[in-house]
Amino acid sequence: MAAVRQTTRSCVLPAGRTRAWGVLTDPATASTWLGGTGSVALRVPGSHGVLTEPDGTLRQLVVERVEAEHRVVLRWWTDRGPGVEPSIVEIELDDARGGTSVTVTETALADHVATEGVR
Amino acid sequence: MTDPGGARGNGGAQPRPTSRSGADGSEGRTAMPDDHVNAVFRALADPTRRTVLRLLADEGAATPTALARALPISRQAVSKHLGALAAAGLAECERAGRETRYRLNGAPLHEAVHWMAAIGSAWDRRLDALTALLDE
């Protein structure tokens, strides 16, 4: 058993990959589905964004890697709550029957570094 | 310890699996220091230590001698595992005559389960929102 704090969720989105990627990463919609207000540029590696969540929690993020229409990797953390420790978030899109599969894996950064090596 | 969560429904074609951990989701918990959290998960990575924790949970408290009788390993090996569990805060010890008795401390496990439940629930909400945007 891997000793890693990691959570994975996946589903099939009701759209083709191009449209799914567009809505997922569009600055006009990204903050909406991520659950906050603010500006995030998920298509731009190295970009820094800030979201304010409905309960006032501030979430900061850095885009680590982008593979167009396939994967975006973020590093993020909040100013309070269980997200105060930084995490790596990998969002992966793939073609699927009925639309586009999206798989999200969030890994506590300390555990991610332990398993993947220093990046 | 990973929470694979699983696949969600696709427009109602599949039932949404209830894959969340059973944490109570209470607010205001203090985050454990990184070293402590890492020690918890390293301790839990070993199947023998997980068995020891289960035995402690079942018995309430036990000595290394008693645990060794229930396991296919030596008393010395049991003591080593108990030391790792105590270092991670998952077990507490007390003197019982000439031996030391150990009990389970569930608090670190609750913190880890709470992390996975909170993060997993947040992603369920985000993916719901993303699906709704694409449904428009």
Side-chain angles (χ1 to χ4, degrees), chain A residues 1-16 19-26 28-36 53-55 57 59 77-78 80-87 89 91 93 96-111 113-115, chain B residues 1-11 13-14 16-17 19-21 23 25 27-47 49-50 88 111-136:
Chain A
M1 180 179 82
V4 173
R5 275 166 302 155
Q6 185 177 78
T7 292
T8 297
R9 292 292 190 270
S10 64
C11 70
V12 177
L13 300 171
R19 180 161 173 260
W21 175 259
V23 171
L24 190 149
T25 58
D26 188 333
T29 50
S31 57
T32 299
W33 76 266
L34 285 172
E53 298 183 347
D55 65 356
T57 298
R59 180 178 297 276
W77 62 98
T78 57
R80 56 182 166 170
V84 71
E85 189 181 342
S87 293
V89 175
I91 305 170
L93 296 183
R97 183 189 299 266
T100 301
S101 72
V102 57
T103 301
V104 176
T105 301
E106 180 162 349
T107 310
L109 183 59
D111 301 335
V113 169
T115 57
Chain B
M1 179 181 287
T2 61
D3 168 19
R8 294 139 42 89
N10 174 20
Q14 300 169 27
R16 180 170 171 165
S19 55
R20 301 191 180 107
S21 305
E27 299 299 324
R29 289 180 184 259
T30 302
M32 292 194 294
D34 284 357
D35 288 349
H36 189 182
V37 172
N38 293 339
V40 169
F41 283 91
R42 277 197 298 274
L44 291 173
D46 184 281
R49 287 198 282 271
R50 294 198 298 276
E111 292 283 353
V113 168
H114 174 74
W115 186 94
M116 289 190 295
I119 302 301
S121 294
W123 278 109
D124 286 334
R125 290 191 295 273
R126 292 186 188 111
L127 292 182
D128 279 342
L130 180 58
T131 299
L133 283 172
L134 288 165
D135 267 337
E136 291 174 358

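The chains referred to below are lettered A, B, ... by the order of the sequence lines, with proteins before strands, and numbering in each begins at 1. Note that the coordinates shown come from a computational prediction; the quantities given were computed from them, not determined experimentally.
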Exercise. If we only count heavy atoms from C-beta on, is the C11(A) to T131(B) side-chain gap below 4.5 Å?
Worked result: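 They are in contact (side-chain heavy atoms under 4.5 Å apart), so the answer is yes.
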Exercise. Can you check whether T7(A) reaches W115(B) side chain to side chain, under 4.5 Å on heavy atoms?
Worked result: yes
Problem set entry | Under 4.5 Å from any heavy atom of chain B - which part of S87(A) | side chain
Approximate separation, where rounding is to 0.5 Å, of [X] [atom1] and [Y] [atom2]:
{"X": "W33(A)", "Y": "D128(B)", "atom1": "CH2", "atom2": "CG", "answer": "12.0 Å"}
{"X": "L13(A)", "Y": "L130(B)", "atom1": "CG", "atom2": "CG", "answer": "5.0 Å"}
{"X": "T8(A)", "Y": "I119(B)", "atom1": "OG1", "atom2": "CD1", "answer": "12.5 Å"}
{"X": "W123(B)", "Y": "T105(A)", "atom1": "CH2", "atom2": "OG1", "answer": "9.5 Å"}

Problem set entry | Closest heavy-atom pair and its distance - L134(B), A20(A) |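 Residues L134(B) and A20(A), closest heavy atoms: CD2-CA, 4.0 Å.
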Exercise. Considering all heavy atoms of both residues, which atom of T29(A) and which atom of L133(B) are nearest to each other, and what is their separation?
Worked result: O-CD1, 4.0 Å
For this session: Without swapping roles, check the side chain of R126(B) against the backbone of L34(A) for a donor-acceptor pair under 3.5 Å.
Result: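 Judged by distance alone, yes, a pair lies under 3.5 Å.
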Problem set entry | Partners meeting salt bridge (Lys or Arg N to Asp or Glu O under 4.0 Å) with R49(B) (sequence neighbours left out) | none
